[in-house]
Participant: 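A single structure is presented below for examination.
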Amino acid sequence: TITFYHQYQRELKTCHQSGEKYIETTLEDIEWANRLLRDVLLAKSDELSKPIRSFFEMIKYHVKSNGKGVFYNKEIREKLRMNPMTINRYIRELENRSFIRRTGGNRKAGFEYEIANWQEYTNLQSNITALDEALKDLKLSITV
């Protein structure tokens, strides 16, 4: 798609065997595709939906900036100014998928939660490297 986007800037070539006209893809095209696909691949490989992922990353930021290591629904609701039902649904989803765990509290005062795994998203991001490695191999094969 990126190659066709640049089709008017590229030289039109002709295949010697079939006579078909074509445009060559450049390494720059592949690099751009890699950049654009990274976010898509990351979202597809993430077990959380985009809104819940954003919510979870905001919670991690909030907990890290407070330095307490734990949080309550109420403080998150006040900080993010979100609908209580939405927060409860997101918290339940995160708890069911073991991204957070309940560490204390009660229904009246509110439950206390902690982040179960701080590095899971960083690990997921680092695993989306197949395209980078393929591009690196391609560049090496061309220079050799």
Side-chain angles (χ1 to χ4, degrees), residues 1-105 110-144:
T1 303
I2 293 169
T3 302
F4 282 116
Y5 178 77
H6 293 109
Q7 66 184 315
Y8 295 111
Q9 289 86 29
R10 303 277 165 81
E11 177 187 344
L12 195 60
K13 297 188 176 188
T14 306
C15 178
H16 299 298
Q17 295 169 341
S18 66
E20 287 184 75
K21 298 193 180 293
Y22 66 95
I23 307 162
E24 279 188 355
T25 297
T26 65
L27 285 178
E28 267 186 1
D29 295 341
I30 297 169
E31 285 177 20
W32 272 106
N34 189 6
R35 280 187 222 146
L36 295 171
L37 280 175
R38 185 181 322 275
D39 292 335
V40 172
L41 291 175
L42 185 60
K44 289 295 180 187
S45 61
D46 193 358
E47 101 181 67
L48 298 177
S49 67
K50 189 102 172 145
I52 295 177
R53 170 56 67 190
S54 297
F55 175 74
F56 185 46
E57 293 304 314
M58 285 188 278
I59 288 176
K60 288 199 288 191
Y61 177 79
H62 173 73
V63 170
K64 198 177 283 188
S65 64
N66 281 351
K68 294 189 294 185
V70 295
F71 66 94
Y72 289 88
N73 273 2
K74 183 178 181 181
E75 70 183 89
I76 297 298
R77 185 176 65 244
E78 290 170 356
K79 180 79 174 172
L80 301 179
R81 296 181 179 169
M82 289 176 67
N83 183 309
M85 294 302 291
T86 303
I87 287 181
N88 288 338
R89 188 174 68 245
Y90 287 178
I91 292 287
R92 201 170 38 252
E93 178 79 18
L94 291 170
E95 192 176 13
N96 288 341
R97 294 181 183 261
S98 301
F99 285 88
I100 61 174
R101 61 179 154 255
R102 193 179 299 172
T103 58
F111 293 108
E112 180 181 72
Y113 297 94
E114 71 178 358
I115 308 294
N117 183 355
W118 286 89
Q119 297 302 317
E120 54 79 34
Y121 196 57
T122 307
N123 294 341
L124 185 64
Q125 287 173 322
S126 67
N127 287 333
I128 307 293
T129 60
L131 292 175
D132 292 331
E133 292 169 14
L135 183 61
K136 187 171 77 175
D137 291 345
L138 188 59
K139 283 181 178 180
L140 284 174
S141 69
I142 289 174
T143 59
V144 171

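Note that this is a predicted model, so its numbers are computed, not measured.
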Participant: Are the side chains of Ile76 and Ile91 in contact, using a 4.5 Å heavy-atom criterion?
Facilitator: no
Participant: Which heavy-atom pair separates Glu114 from Gly69 by the least distance, and what is that distance?
Facilitator: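 The pair with the smallest heavy-atom distance is CB-O, 3.7 Å.
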Participant: Give the intermediate values and the outcome of side-chain contact (heavy atoms from CB on, under 4.5 Å) for residues Glu75 and Asn66.
Facilitator: CA-CA 11 Å; Glu75 70 183 89; Asn66 281 351; 3.7 Å; yes
Participant: Out of curiosity, Ile87 CD1 to Met85 CE, how far, rounded to the nearest 0.5 Å?
Facilitator: 11.5 Å
Participant: Taking side chain to side chain donor-acceptor pair (under 3.5 Å) as the definition, give me every residue that meets it alongside Gln17, ordered by chain and number, with sequence neighbours left out.
Facilitator: none
Participant: Begin from the C-alpha positions of Ile100 and Phe71 and carry the test side-chain contact (heavy atoms from CB on, under 4.5 Å) through to its verdict.
Facilitator: CA-CA 10 Å; Ile100 61 174; Phe71 66 94; 4.2 Å; yes
Participant: Would you give the length of the straight line joining atom OH of Tyr121 to atom CG of Asp46, rounded to the nearest 0.5 angstrom?
Facilitator: 6.0 Å
Participant: Side-chain contact test, heavy atoms from C-beta onward, threshold under 4.5 Å: evaluate it for Phe55 versus Leu48 and give yes or no.
Facilitator: no
Participant: Would you say that Leu36 contacts Ile2 through its side chain, given a criterion of any heavy-atom pair below 4.5 Å between the two side chains?
Facilitator: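 The answer is yes, as the side chains (C-beta and beyond) meet within the 4.5 Å cut-off.
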Participant: The criterion is side chain to side chain donor-acceptor pair (under 3.5 Å); which residues satisfy it with Thr103, sequence neighbours excluded?
Facilitator: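 Glu112.
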Participant: What pairs with Glu28 under side-chain contact (heavy atoms from CB on, under 4.5 Å), at least two apart in sequence or on another chain?
Facilitator: Thr26
Participant: Taking the side chain as C-beta and beyond, is there a heavy-atom pair between Tyr113 and Val63 under 4.5 Å?
Facilitator: no
Participant: Check side-chain contact (heavy atoms from CB on, under 4.5 Å) between Ile23 and all other residues, then give those that pass, not counting sequence neighbours.
Facilitator: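 Ile23 satisfies side-chain contact (heavy atoms from CB on, under 4.5 Å) with Thr3, Phe4, Gln7, Arg10, Leu12 once adjacent residues are dropped.
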Participant: Got a sec, which pairs hit ring-ring contact (aromatic ring centres under 6.0 Å, His included) with one end in residues 14-47, sequence neighbours left out?
Facilitator: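 Those involving residues 14-47 do not exist here.
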Participant: Taking side-chain contact (heavy atoms from CB on, under 4.5 Å) as the definition, give me every residue that meets it alongside Asn117, ordered by chain and number, with sequence neighbours left out.
Facilitator: Gln119, Glu120
Participant: For Gln9, enumerate each residue passing the side-chain contact (heavy atoms from CB on, under 4.5 Å) test, keeping only those at least two apart in sequence or located in another chain.
Facilitator: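 Gln9 satisfies side-chain contact (heavy atoms from CB on, under 4.5 Å) with His6 only.
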Participant: Salt bridge (Lys or Arg N to Asp or Glu O under 4.0 Å) with Glu57: which residues, sequence neighbours excluded?
Facilitator: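 Checked Glu57 against salt bridge (Lys or Arg N to Asp or Glu O under 4.0 Å); matches are Arg53, Lys60.
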Participant: Minimum heavy-atom separation for Ala116 to Ser98, with atom names?
Facilitator: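 Shortest heavy-atom separation between Ala116 and Ser98 comes out as CB-O, 3.4 Å.
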Participant: Under the salt bridge (charged side-chain N to carboxylate O under 4.0 Å, His left out) rule, what pairs show up with a residue in residues 35-44, not counting sequence neighbours?
Facilitator: Glu31-Arg35, Arg38-Asp132
Participant: Applying salt bridge (Lys or Arg N to Asp or Glu O under 4.0 Å), name anything that partners Lys136, two or more places apart in sequence or on another chain.
Facilitator: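 Partners of Lys136 by the salt bridge (Lys or Arg N to Asp or Glu O under 4.0 Å) criterion come out as none, since no residue qualifies.
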Participant: What pair of heavy atoms forms the shortest contact from Tyr72 to Phe111, and how long is it?
Facilitator: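 The pair with the smallest heavy-atom distance is CD2-O, 3.1 Å.
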Participant: Quick test of your reading: applying side chain to side chain donor-acceptor pair (under 3.5 Å), list the pairs with at least one residue in residues 78-90, sequence neighbours left out, ordered by first then second residue.
Facilitator: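 Listed by first then second residue: Asn73-Asn88.
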Participant: Please name all residues satisfying salt bridge (Lys or Arg N to Asp or Glu O under 4.0 Å) with Glu47, sequence neighbours left out, ordered by chain then number.
Facilitator: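 Residues passing salt bridge (Lys or Arg N to Asp or Glu O under 4.0 Å) with Glu47: Arg97.
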Participant: Roughly how far, to the nearest 0.5 Å, is the CG atom of Asn34 from the CG atom of Leu41?
Facilitator: 8.5 Å
